Structure formats: structure tokens, C-alpha cells
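What you see is a predicted model; the values in this text were computed from it and never measured. In this chain, numbering begins with 1 at the start of the sequence shown.
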Amino acid sequence: MRTSRILGSAVARPNVNALTSSLPLPFQISRHICSAASGLPRATQKHTRTAQFHSLIGKTGGLSRSNSREARKYNTKSTPSEAPPFAFAFDIDGVLLHVATPIPGAPEALKFLNDNDIPFILLTNGGGKHETERVKDLSQKLGVKLTTDNFVQSHTPFRQLVEGPDSLREKTILVTGANAEKCRLIAEDYGFRNVVTPADILKAHPEVFPFDPLLDTVYTATARPLPRPIFTPGSGMRLSDALKIDAMFVFNDPRDWAYDIQLIVDLLLSQQGYVGTYSPKNGDAALPSCGWQQDGQPPLYFSNADLLWSTGFHLPRFGQGAFQAAVAGVWRRLTNGHELQRRVIGKPYSETYQFAERVLTTHRHEVLRRRGHHEPGTLKSVYMVGDNPESDIAGANDFQSEAGTEWCSILVRTGVWSPEHAGEKALQGRFKPKVIVDDAREAVRWALKREGWTGPAL
């Protein structure tokens, strides 16, 4: 998985209220996220539409290798009337997979849960592929049947921004990521109708980035005509006739950092999001924040804050959080120390855990209903299995469920965190898991023992 570490005091820890208060109310993601879920499976919609997302800081679990919880006896196969009140949430990179290679024990753990009708979801800060494509790919790699009903990736909550009174459905948005064209197609599938990529702008105006970019080999093949021209001073063009960007989205880890940073910063400095303009309010000491981002500039959304992630290489690699840090660093230099106002979702933020719990609750009802549990009862515990103290563990520890569900954090040794590089000294406070185990299979075994499971052994 990946490591969350955001530079700057504005977002030094996952306080979503602080993050969402920095931009005008119409763009606050918490309002959008609870407004609709039209892109989710129908069974999920009724639970998600009423979701209210809050940033609440919870208690951290104590590091332990004992099972102090009072044992409870559940066996879905032998006693359909006793529905287990627990479920699992798994990170993917560093927990189930190292890039394309399954981590030993992970496929067996998921298959065991499927075979015994124990609900689980995959909750990842990864992205860049549509949910259906990613689930198909994961099913093949892991050899386990998966569906979009129990899968949440970092940008999945973006789909809800097309609904509600402040909908961005008909607005013009800029998207980027590892493959900006694929991100555009995902955004369009979510319901955004006017999606622009960096390739579109560069194709129409190569002068915006005159540094021998990959125009001919990469960008030309995916560029579409701009819906409106870029504003050119002195041309007689009316501002209202120029291209206006209403929001910017980073769907996953960009590849062309230099060009993407240039374009994002241009829009952060613009007048009301019109490409090619410069706000007269920038640097005005009489205005809040000296006028920076005070002139209707488009809000900037990041789908996760992971600084590092676990790959096939023996050391962690930079993730989207590193790109975010680069944008924030450039912004700080340009504005004489002002912090970049932006929205960040994904783990460890409570918005994402709230969203995931709604999806998991709906999926659990469906799984248990198929086993004859028409009254599945309350979901009392969710075991969050992750490899990253700064996202998986901190997020589970911080999250306070509105339904009273306990989120129990389990750290595995197969990913970002390792005793050799970080050690248990780094696992303090909100980064301290309930238990450390070797891998996903051992995580499931520990949780089953804690729950008093009497069914088949894993």
C-alpha cells in the first residue's frame, strides 16, 4: 500500500473539516458525497444516498497479540440463523498483491471468506482504472470471484459529485492521472459530461509547455478539440467566450509531473478558472490569504494522499502524495509561503471510511441474505487489514462509525511497513494497530479467533 504524508500545516493530519472549509461551500465535497450514489450498484444507492460524512477522531487500538475480546460463536454454514456480526476490509497493494503478483496466503484468505459467506470489501487508495476493469483484473490475478459491489478505490466517491444542488455534471472539469485519457473515460462513465485533459490543451496550444513534451508520441493520439478557446489577451475575445475550468481532479499518480504542475498552477492563479488569465487579486495584502485562491479558481481534488506505495521493488516508490507535495511546494514558493487549498479523499480520511462502511453494509446484507439470513443484524466489527500505518491503520483507528461499528486495525508485514525500516517505534498513537501479523491469511485467522469462529479452519 501507500504512505500518506501531506506537506504543510493546512493538511498535516486527516481533518476533513479543515480541508473542506478552505473553499467556498458549494464545492465542499462532504455535501457532494452524501448527495447521491447514482453510479453505484442499485443495492448500494439506497444506503449511500443518506450517508453523512464527518471528520471524527477516534481512539487508537493498543498493540496486542492476545485476543482479550469475549468469544462469540458463529458458523454461517451450519447455523444460518446466526449471522456473524463481523466483516473485513482489505487494502490491495502490499496486502493482497505486489503489483501483479499475489502475496502468499492472500488468495487463500479471500477464497475462505467467500466459501464461508463472510463479507469483505477491498478498500484501496489505488485507481486509474474503472471499477469494473479493476475488479476483473483482480479476480484473474487472485483467482477469487470479486464484484464492484464490494470494491472501493480512491476515486470511486468522485462519482457522487455529479449529483445534488452543486452538481458538476454539466460543468467543465480537468482530469489527470497516470493515463489521463483513461481517467477521462472513467469520469465520463461517472456522469461528468464536459471533461478536458492536459493533452487537449497542449494539442490546441503547444506554447503552454514549450519543453519538448511528448506531444507527438503520447498526447496527440488522445487529444480532443477544446470546447472553447483559451483566452488570449489583446485578441478582442470576451472572457465569457473562453475555456473555463470549474474543477480539477487528480484521479491517480500522474506521470508528466512538470506539465501537470504547470497547468494546475496556471488555473490556481487564474481569474475564475478561465485558462490563460491571471487574477488581479493575486498577492493583494488587503484580501484574505493575500488574494491567493480568492477569485473563484477551480477547486483541486486529490483522490489520495499516499506518499509511498509497495511495488515489486524492494523499496517503496513515490505515489500520488509525492505529486501533491510537489504541487504544494511550488505553490508555496510562488505565493511566499501560502498553503495550497485543496481537497483530499481516500484513506485515512473519514469520508472514505464512511463511504466504505455504507458499501460494506449493503454488500453484507446481500451476502447473508443469500445464506438465508434475512435479518442479518448489526455489523459490530470490521477488520481493516493493511500494510500502511499512515493510511490503513490511522484511518481505521480515527474513524468513528455512526452505526457504532468497531473498526479494528491489523497491520501486515508484507508491504510498506517493515520492522527493519521503520520498526515498532513508529507505531505510536493513531498509527498503532491492534495487532501485527505476517500476512493477510494470518490477519483473518487472528480475527476469526477473536470472534469465536467455530466453522472450518483457514
Side-chain angles (χ1 to χ4, degrees), residues 2 4 11 14 16-17 19-20 23 26-56 89 91-92 121-132 134-135 148-169 171 173 175 177 183 186-192 195 247-252 299-306 320-321 324 342-363 384 391-392 395-396 398-399 401-402:
R2 313 177 175 206
S4 308
V11 285
V16 179
N17 291 330
L19 286 168
T20 57
L23 288 180
F27 292 106
Q28 291 185 8
I29 193 168
S30 59
R31 294 185 59 194
H32 288 296
I33 285 183
C34 66
S35 63
S38 62
L40 288 173
R42 185 171 297 174
T44 307
Q45 293 180 22
K46 66 179 181 179
H47 292 276
T48 309
R49 284 195 180 101
T50 58
Q52 299 294 323
F53 293 91
H54 302 286
S55 295
L56 300 175
D91 179 35
I92 297 177
I121 63 169
L122 305 186
L123 178 59
T124 175
N125 270 357
K129 293 183 179 180
H130 192 274
E131 284 76 5
T132 54
R134 188 82 192 279
V135 163
T148 55
D149 293 338
N150 62 334
F151 179 70
V152 177
Q153 57 185 347
S154 63
H155 50 68
T156 302
F158 285 163
R159 68 171 75 227
Q160 295 182 77
L161 297 175
V162 302
E163 301 294 342
D166 303 316
S167 169
L168 293 172
R169 182 186 297 273
K171 303 294 186 178
I173 67 170
V175 302
C183 293
I186 296 170
E188 289 176 339
D189 185 79
Y190 285 177
F192 297 97
V195 186
M248 299 180 282
F249 293 89
V250 181
F251 267 63
N252 71 326
L300 173 59
Y301 293 94
F302 291 93
S303 70
N304 76 72
D306 290 347
Q320 188 185 141
Q324 183 186 161
R342 72 271 204 190
R343 304 285 187 272
V344 185
I345 63 171
K347 296 178 291 185
Y349 297 102
S350 294
E351 289 170 320
T352 291
Y353 280 84
Q354 185 83 22
F355 182 88
E357 185 174 281
R358 300 280 177 170
V359 173
L360 178 56
T361 298
T362 300
H363 176 66
M384 177 71 232
S391 59
D392 305 315
D398 287 349
F399 179 55
S401 166
E402 292 181 349

Evaluation steps, side-chain contact (heavy atoms from CB on, under 4.5 Å), between H130 and D189:
CA-CA 9 Å; H130 192 274; D189 185 79; 2.5 Å; yes

Could you walk me through whether T156 and F355 pass the side-chain contact (heavy atoms from CB on, under 4.5 Å) check?
CA-CA 9 Å; T156 302; F355 182 88; 3.9 Å; yes

Applying side-chain contact (heavy atoms from CB on, under 4.5 Å) to R342 and M248, what does each step give before you reach the verdict?
CA-CA 10 Å; R342 72 271 204 190; M248 299 180 282; over 6 Å; no

When you look at N252 and Q153, which way does the side-chain contact (heavy atoms from CB on, under 4.5 Å) test go after all the steps?
CA-CA 10 Å; N252 71 326; Q153 57 185 347; over 6 Å; no

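Note that the CG atom of L161 and the NZ atom of K171 stand 13.5 Å from one another [nearest 0.5 Å]. Summarising the geometry, atom CD1 belonging to I121 is positioned 8.0 Å from atom CE belonging to M384; distances are rounded to the nearest 0.5 Å. In this structure, CG in N150 is found 11.5 Å from CG in L123, a value given to the nearest 0.5 Å.
Across I92 and R134, no two heavy atoms sit closer than the pair CG2-NH2, 4.1 Å. The two residues Y353 and S391 make their nearest non-hydrogen contact at OH-O, 3.3 Å. Contact detail for T352 and G346: the closest heavy-atom pair is OG1-N, 2.8 Å. Taking all atoms of both residues into account, the shortest heavy-atom contact from A247 to L168 is CB-CD1, 4.0 Å. Minimum interatomic distance between N125 and N304 (heavy atoms only, all atoms of both residues): O-ND2, 2.8 Å. Closest heavy-atom contact between E188 and V195: CG-CG2, 3.8 Å.
Residue F158 is tested with F251, Y190, F192 for a ring-ring contact (aromatic ring centres under 6.0 Å, His included); the sole match is F251. A side chain to side chain contact (heavy atoms under 4.5 Å, CB included) with F151 holds for exactly one of T132, V359, T124; it is T124.
Partners of S154 by side-chain hydrogen bond (donor to acceptor under 3.5 Å, both in side chains), not counting sequence neighbours, listed by chain and number: S303. Residues passing the salt bridge (charged side-chain N to carboxylate O under 4.0 Å, His left out) test with E357: none are found, sequence neighbours excluded.
Between R159 and E131 there is a salt bridge, since a side-chain N of the basic residue sits under 4.0 Å from a carboxylate O of the acidic one.
Q320 places a side-chain heavy atom less than 4.5 Å from the side chain of V250.
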